[in-house]
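Note on naming: letters A, B, ... go to the chains in the order of the sequence lines (proteins, then strands), and numbering restarts at 1 for each one.
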There are 2 protein chains.
Amino acid sequence: MKDLSKYGIVSALQAIGGKWKPHILFILLEKGTKRFGELSGLMPEITQGVLTQQLRELEKDGLVNRVVYQEIPPRVEYSLSTHGKTLEHILSNMCAWVYHTGNL
Amino acid sequence: MKDLSKYGIVSALQAIGGKWKPHILFILLEKGTKRFGELSGLMPEITQGVLTQQLRELEKDGLVNRVVYQEIPPRVEYSLSTHGKTLEHILSNMCAWVYHTGNL
DNA sequence: CGGAATCCGTTTAGATACTG
DNA sequence: CAGTATCTAAACGGATTCCG
């Protein structure tokens, strides 16, 4: 546990710390590639506008891949990038922690 | 990895997910009990107002203990609660992840 | 003096409606 | 279907003020 902690954890949170980002990442980790509508259905609490925005930020940070198929109807698929997959431990730990605490 | 993940991670984020909360928790974990001024000095990026607010929320969620000494000058000490200490793995993993990615 | 409350501007998130 | 547009509400940031 080094003293990069000071800024390390800050910058980690900038990538992960959007209000819904861990949830999005967790779903992509658990269930693999998903299209926009599926994600939206799996997280009905998030409005489309916010979902779009959070996905774009995750894409910008290199954690998710976004693939657009130029079809009618349109199709856009999201998946974890290699980099995003390195978050697996963190995400499952967070999940385990909640389970342990019992606050649902 | 169970399907409580759906809401589990959401509620975890409500407790941990304030913009500065992981940073605060990490410092308290690493360095033990700290008074307000020390925390403020260790995190100069956070304004006092926001720091106060985040600490109060952490207290409300049972993750930190807040002890007020009725003295002149006043003294307020913060420390991780037992519950807060269960976050250790998550926090150090987050730190390790940033180190691994190299994005500072 | 340390810790925090207040006022106010900016940034981020939520709700709803609408379009290529 | 997968967004954008718009508007409102909540969270954050900066400075100042307050109180024991």
Side-chain angles (χ1 to χ4, degrees), chain A residues 6-7 9-28 31-61 63-79, chain B residues 6-7 9-28 31-61 63-79:
Chain A
K6 178 166 182 181
Y7 293 108
I9 215 161
V10 171
S11 64
L13 260 279
Q14 283 168 3
I16 300 177
K19 187 162 183 180
W20 298 106
K21 287 179 188 171
H23 194 185
I24 296 168
L25 292 167
F26 200 94
I27 287 180
L28 291 175
K31 319 210 175 186
T33 302
K34 286 286 161 204
R35 36 199 299 192
F36 185 87
E38 294 178 300
L39 288 174
S40 188
L42 288 167
M43 298 176 283
E45 320 88 10
I46 317 182
T47 56
Q48 288 188 328
V50 174
L51 180 56
T52 298
Q53 167 195 317
Q54 303 268 304
L55 284 167
R56 290 288 156 77
E57 287 179 26
L58 289 170
E59 184 196 10
K60 189 162 58 60
D61 291 333
L63 297 174
V64 308
N65 299 129
R66 177 172 182 266
V67 182
V68 182
Y69 297 86
Q70 282 294 3
E71 311 171 345
I72 307 289
R75 185 156 60 103
V76 180
E77 290 188 343
Y78 293 92
S79 58
Chain B
K6 178 167 181 179
Y7 293 109
I9 215 160
V10 171
S11 63
L13 260 278
Q14 281 166 5
I16 300 179
K19 186 163 182 181
W20 298 107
K21 286 179 188 171
H23 194 185
I24 295 169
L25 292 167
F26 199 93
I27 288 180
L28 291 176
K31 319 210 175 185
T33 302
K34 284 286 161 205
R35 35 196 302 191
F36 183 86
E38 294 178 301
L39 287 174
S40 188
L42 287 167
M43 298 178 282
E45 320 89 14
I46 318 183
T47 57
Q48 287 188 331
V50 175
L51 180 55
T52 298
Q53 169 196 315
Q54 303 266 303
L55 284 167
R56 289 289 158 80
E57 289 180 24
L58 290 170
E59 184 197 8
K60 188 162 58 58
D61 290 334
L63 297 174
V64 307
N65 300 127
R66 178 172 182 265
V67 182
V68 181
Y69 297 86
Q70 281 293 1
E71 309 171 347
I72 308 290
R75 185 156 61 103
V76 181
E77 290 187 345
Y78 294 92
S79 58

Taking [atom1] from [X] and [atom2] from [N], how many angstroms apart are they, rounded to a whole number?
X: A:Gln54; N: D:dA11; atom1: CD; atom2: C1'; answer: 14 Å
X: B:Glu45; N: D:dA11; atom1: CD; atom2: P; answer: 21 Å
X: B:Glu77; N: C:dG2; atom1: CD; atom2: P; answer: 14 Å
X: B:Met43; N: C:dG3; atom1: CE; atom2: P; answer: 13 Å
X: A:Leu39; N: D:dA2; atom1: CG; atom2: C1'; answer: 12 Å
X: B:Leu55; N: D:dA11; atom1: CG; atom2: P; answer: 16 Å
X: B:Leu51; N: C:dT6; atom1: CG; atom2: C1'; answer: 17 Å
X: A:Glu38; N: D:dC1; atom1: CD; atom2: P; answer: 11 Å

Taking only the side-chain nitrogens and oxygens of [X], find out if one of them lies under 4.0 Å from OP1 or OP2 of [N].
X: B:Arg35; N: C:dG3; answer: yes
X: B:Tyr69; N: D:dG20; answer: no
X: A:Gln53; N: C:dA13; answer: yes
X: B:Gln48; N: C:dG2; answer: no
X: B:Trp20; N: D:dA11; answer: no
X: A:Arg75; N: D:dG3; answer: no
X: A:Lys19; N: D:dA10; answer: no

Nearest 0.5 angstrom please: [X] [atom1] to [Y] [atom2], how far?
X: B:Leu63; Y: B:Leu55; atom1: CG; atom2: CG; value: 11.5 Å
X: B:Glu38; Y: B:Lys31; atom1: CD; atom2: NZ; value: 10.0 Å
X: B:Leu28; Y: B:Leu39; atom1: CG; atom2: CG; value: 5.5 Å
X: A:Ile24; Y: A:Gln54; atom1: CD1; atom2: CD; value: 5.5 Å

Query raised in the report: Name the one of B:Leu58, B:Leu51, B:Val50 that satisfies side chain to side chain contact (heavy atoms under 4.5 Å, CB included) with B:Trp20?
Result: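 It is B:Val50, the one option of B:Leu58, B:Leu51, B:Val50 that forms the side chain to side chain contact (heavy atoms under 4.5 Å, CB included) with B:Trp20.
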Measure from the side-chain heavy atoms of [X] and tell me the nearest of [options].
X: B:Arg56; options: D:dG13, C:dA13, C:dA5; value: C:dA5
X: A:Thr52; options: D:dG13, D:dT4, D:dC12; value: D:dT4
X: B:Pro74; options: D:dC12, C:dA4, D:dG20; value: D:dG20

Self-check item: Chi angles and distances behind the salt bridge (Lys or Arg N to Asp or Glu O under 4.0 Å) call for B:Glu57, B:Lys21
Solution: CA-CA 9 Å; B:Glu57 289 180 24; B:Lys21 286 179 188 171; 2.7 Å; yes
| Contact class for A:Val50 vs. all strands (heavy atom < 4.0 Å): base, sugar-phosphate, or nothing? |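 Result for A:Val50 = base.
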ask   = If you look at every strand shown and take non-hydrogen atoms under 4.0 Å, does B:Glu57 touch a base, only sugar-phosphate, or nothing?
value =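 The residue B:Glu57 makes no contact with any strand.
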- For B:Ile72 and B:Tyr78, take the nucleotide of DNA chain C holding the closest heavy atom to each; which residue's nucleotide lies nearer the 5' end?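 Result of the comparison: B:Ile72.
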Which residue, A:Ile46 or B:Pro73, contacts DNA chain C at a nucleotide closer to its 5' end, judged by nearest heavy atom?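 Closest to the 5' end, via its nearest nucleotide, is B:Pro73.
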